[in-house]
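The structure under discussion appears below in the form of structure tokens.
The basis for the numbers below is simple: all heavy atoms, side chains too, and nothing from hydrogens, waters or symmetry mates. Quick note on labels: first sequence line is chain A, next is B, and so on, each numbered from 1.
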Amino acid sequence: MRLTSRPSGARGFFIFIHREFFGGTMAVKEKYEESKLFRIRHSTAHVMAQAVLEKFPGAKYAIGPAIDEGFYYDFDLPRSLTPEDLTEIEERMRQIIRGKFPFVRKEVSAGEARKLFKDQPYKLELIDGLEAGGFDENGEPLFEKPVISTFTHDQFTDLCRGPHVQNTGEIDSSAIKLMSVAGAYWRGDEKRPMLQRIYGTAWYNKEEMEQYLWKLEEAKRRDHRKIGRDLDLFSVVEEIGAGLILWHPKGAMVRKITEDFWMNEHEKSGYQFVYTPHIGKASLWETSGHLGFFKENMFSPLDIEGQSYYLKPMNCPFHIYIYKSQLRSYRDLPIRYAEKGTVYRYERSGVLHGLLRVRGFTQDDAHHFCREDQMPQEIDFVLDFSLKMLRAFGFSDLKAYLSTKPAKSGGDPARWEAAEAALEASLKRYNVEYEVDEGGGAFYGPKIDLKVHDAIGREWQLSTIQFDFNEPEFFDMTYIGEDGQPHRPYMVHRALLGSLERFFGVLIEHYAGAFPVWRAPIQAVVIPIADRHLEYAQKVGDSLKAAGLRVSVDERSERMNAKIRDAQNQKVPYMLVVGDKEIENNQVALRLRGGENPGPIALAAFIDKARQDIEEKI
RNA sequence: GCCGACGUAGCUCAAAGGCAGAGCAGUCGCCUUGUAAGCGACCGGUUAUGGGUUCGAUUCCCAUCGUCGGCUCCA
């Protein structure tokens with residue numbers, strides 16, 4: 001029911017595990033939590049806490065774990081931290097590191113721990129939690145109470161499970177850096193106090209940290225918001241509203257090419273297209289369950305002749321009514337309805353982000369309805385189709401996440417089991433690398449999410465394939481079986497690109513704006529050297545247009561160098577310089593956006609080359 | 001929504017209680033160009049919006065809108 005399109009990978013660079021730490025043999029992927037890097041980061045968090053507490057003696061400290069690319073620690077401080085504070089804290093941290101203080105572990109009773117942290121309300125709360133017994137990830141109480149321990153180095157003691165490095169000297173003081181300060185709620189709960197969180201990063205050595213910082217720079221360089229403005233692709237303006245996207249002509253061209261390809265592939269593969277309205281009555285969303293569990297993400301209702309209507313946050317109820325518009329036979333199945341459905345979801349202002357998190361977006365949505373005996377093949381079909389589509393769009397490095405039945409869930413357990421088995425079997429059949437998230441499914445059905453890796457190793461979730469056992473029940477969907485009796489169909493929601501907005505954002509960052517030729521909004525710019533070459537330039541432009549290329553002629557009375565520079569900054573794949581020599585030989589002088597300069601080539605030969613590049617989706 | 005930073009020309013950024021500036025872009029002119037910016041002139045602003053303090057506010061205060069970094073990683 002819920003097609004999520006969240007930027008879950010927006011933050012996560014990969015942790016590269018380097019061979020040299022595994023004695024030169026090819027590494028089996030070490031669990032991050034067991035790695036030395038994890039201990040280094042966690043230990044660095046303690047060192048930072050010491051430095052912060054020295055600076056603010058009355059400060060309260062909360063938690064400070066190692067995270068994907070570093071660590072953080074949350075503090076309750078008398079004032080807001082400034083960038084200067086961070087510099088100072090970082091300097092003090094280096095002194096502490098140079099002291100080579102050993103980390104000493106000590107087991108304590110709950111009572112001793114309370115005495116030790118009597119002035120630390122957050123620690124006391126943690127101790128209470130520990131004494132009450134831990135909970136596993138499903139919220140079930142653990143049988144054994146955890147042992148309470150503290151770690152001390154130098155003058156600083158923290159309640160901590162560990163593990164840590166032997167001594168602070170194991171941290172490379174040139175491979176740590178404090179990155180930023182941000183607000184964070186105690187225990188992530190917005191009803192609880194807001195603490196100040198200091199983010200830092202730590203690596204084995206300086207080179208690794210520099211590589212990480214380089215990657216951050218590179219990510220900034222690829223930021224789709226900046227490229228979107230520089231290449232005139234899209235905008236978001238205050239006057240219209242936050243999270244609402246204006247697609248400019250060049251961005252719209254990229255979208256159109258994406259949509260055309262998408263439509264063609266869907267049509268070839270047995271999907272039927274449908275179009276549905278943008279609003280629907282409140283009662284519809286009552287039936288679908290959205291007003292029950294998705295209301296906080298829906299815009300306020302519109303009052304129309306005394307009836308409430310809601311902007312649609314999803315397309316499924318509409319597709320269901322198309323299904324229900326007539327009695328369905330088992331012979332009609334499977335049915336596959338596809339729509340580029342524009343939906344609106346209320347997102348809190350603080351989470352909006354360029355094209356990646358918006359309030360109005362177009363899902364490349366589809367719903368499959370099938371019989372039980374068709375279900376495994378249908379899953380094969382949809383996974384195969386998804387993989388083909390993502391690869392065609394330039395993402396061949398991908399990973400799947402299979403989410404199974406959560407503790408709280410509806411629907412027939414036998415259906416859950418069958419669906420999960422079908423999902424996993426498909427992943428195996430198509431040889432997709434996957435991870436299982438036990439209990440991570442939505443309450444209405446299991447799912448597969450596909451995440452792709454971009455050019456600099458970041459992971460982005462695009463596709464989702466989700467079973468839904470709720471809506472067919474809520475809407476009483478049936479088909480008449482061979483036995484003449486009504487049966488409940490299986491229903492699968494899927495979005496391949498997620499949303500066109502978000503996909504476009506990922507695309508921009510993946511290619512840093514240099515789209516492959518087949519999707520470049522302008523494929524070639526003709527650059528006449530002097531005004532007397534204009535006529536020939538126009539002729540070349542017309543020939544290319546006739547050959548189906550998207551081309552523009554730079555008629556400005558600028559120097560050639562300026563035109564080349566502009567075209568290159570606009571990431572146009574082909575620059576075609578024409579002057580006296582080219583006119584004489586009916587040629588164009590080809591230059592590529594990477595700076596390569598293949599030189600003069602016959603016009604006809606260039607057209608062949610361009611067509612071939614487009615055909616091969618280069 | 002909450003915490004923090006920020007909002008000055010289309011873009012990137014100056015000016016810190018006392019006349020709002022530069023580069024790029026744009027317009028016009030000159031130049032007629034051979035692989036990443038030719039030269040000159042001109043145009044461009046209710047300093048996000050609304051209110052307040054002040055003789056005077058872009059600058060200080062309050063509110064609103066928007067942008068950015070976070071608010072998931074559990075001692």
Can you confirm whether the side chains of A:Arg41 and A:Tyr32 place a donor and an acceptor under 3.5 Å from each other? yes
Is [X] touching bases, backbone alone, or none of the nucleic acid, heavy atoms closer than 4.0 Å?
X        : answer
A:Tyr199 : sugar-phosphate
A:Ile148 : base
A:Lys581 : base
A:Asn569 : base
A:Gly188 : sugar-phosphate
A:His533 : nothing
A:Ala567 : nothing
A:Asp580 : base

Answer with yes or no whether [X] presents, from its side chain, a donor or acceptor under 3.5 Å of a partner atom in the base of [N].
X        : N     : answer
A:Glu582 : B:G34 : yes
A:Asn561 : B:U35 : no
A:Gln568 : B:A36 : yes
A:Tyr72  : B:G70 : no
A:Ser557 : B:C31 : yes

Map A:Gly594 and A:Arg229 onto RNA chain B by nearest heavy atom, then report which one ends up closer to the 5' terminus. A:Arg229
Residue whose closest nucleotide on RNA chain B lies nearer the 5' end, A:Trp186 versus A:Arg556: A:Arg556
G-U wobble or Watson-Crick pairing nucleotide for [N] (cut-off 3.5 Å, both distances):
N     : value
B:C31 : none
B:C55 : B:G18
B:C43 : none
B:G69 : B:C3

Where the side chain of [X] is concerned, which of [options] is the nearest nucleotide?
X        : options             : answer
A:Arg197 : B:C71, B:U32, B:A36 : B:C71
A:Arg225 : B:G1, B:C74, B:C68  : B:C68
A:Arg187 : B:G34, B:U33, B:C74 : B:C74
A:Ala562 : B:C74, B:G38, B:G7  : B:G38
A:Arg532 : B:U12, B:C71, B:U32 : B:U32
A:Met194 : B:C3, B:C73, B:A37  : B:C3
A:Arg559 : B:G38, B:C74, B:A36 : B:G38
A:Val351 : B:U35, B:C71, B:G34 : B:C71
A:Glu238 : B:U35, B:C65, B:C73 : B:C65
A:Ile63  : B:G1, B:A36, B:C74  : B:C74

Under 4.0 Å between a side-chain nitrogen and a carboxylate oxygen: does that hold for [X] and [Y]?
X        : Y        : result
A:Glu107 : A:Arg105 : yes
A:Arg221 : A:Glu218 : yes
A:Lys447 : A:Asp449 : yes

Worked check of ring pair (Phe, Tyr, Trp, His ring centres under 6.0 Å) between A:Phe606 and A:Tyr574: CA-CA 10 Å; A:Phe606 168 71; A:Tyr574 308 120; 5.1 Å; yes
Rounded distance in Å - [atom1] ([X]) to [atom2] ([N]):
X        : N     : atom1 : atom2 : value
A:Lys220 : B:C68 : NZ    : C1'   : 11 Å
A:Met560 : B:A37 : CE    : P     : 9 Å
A:Asp189 : B:G1  : CG    : P     : 18 Å
A:Ile529 : B:G34 : CD1   : C1'   : 4 Å

With ring pair (Phe, Tyr, Trp, His ring centres under 6.0 Å) as the test, would you mind laying out the steps for A:Phe71 and A:Tyr73 before giving the verdict? CA-CA 7 Å; A:Phe71 58 90; A:Tyr73 214 115; 8.9 Å; no
Member of A:Arg502, A:Arg458, A:Lys220 meeting the salt bridge (Lys or Arg N to Asp or Glu O under 4.0 Å) criterion with A:Glu509: A:Arg458
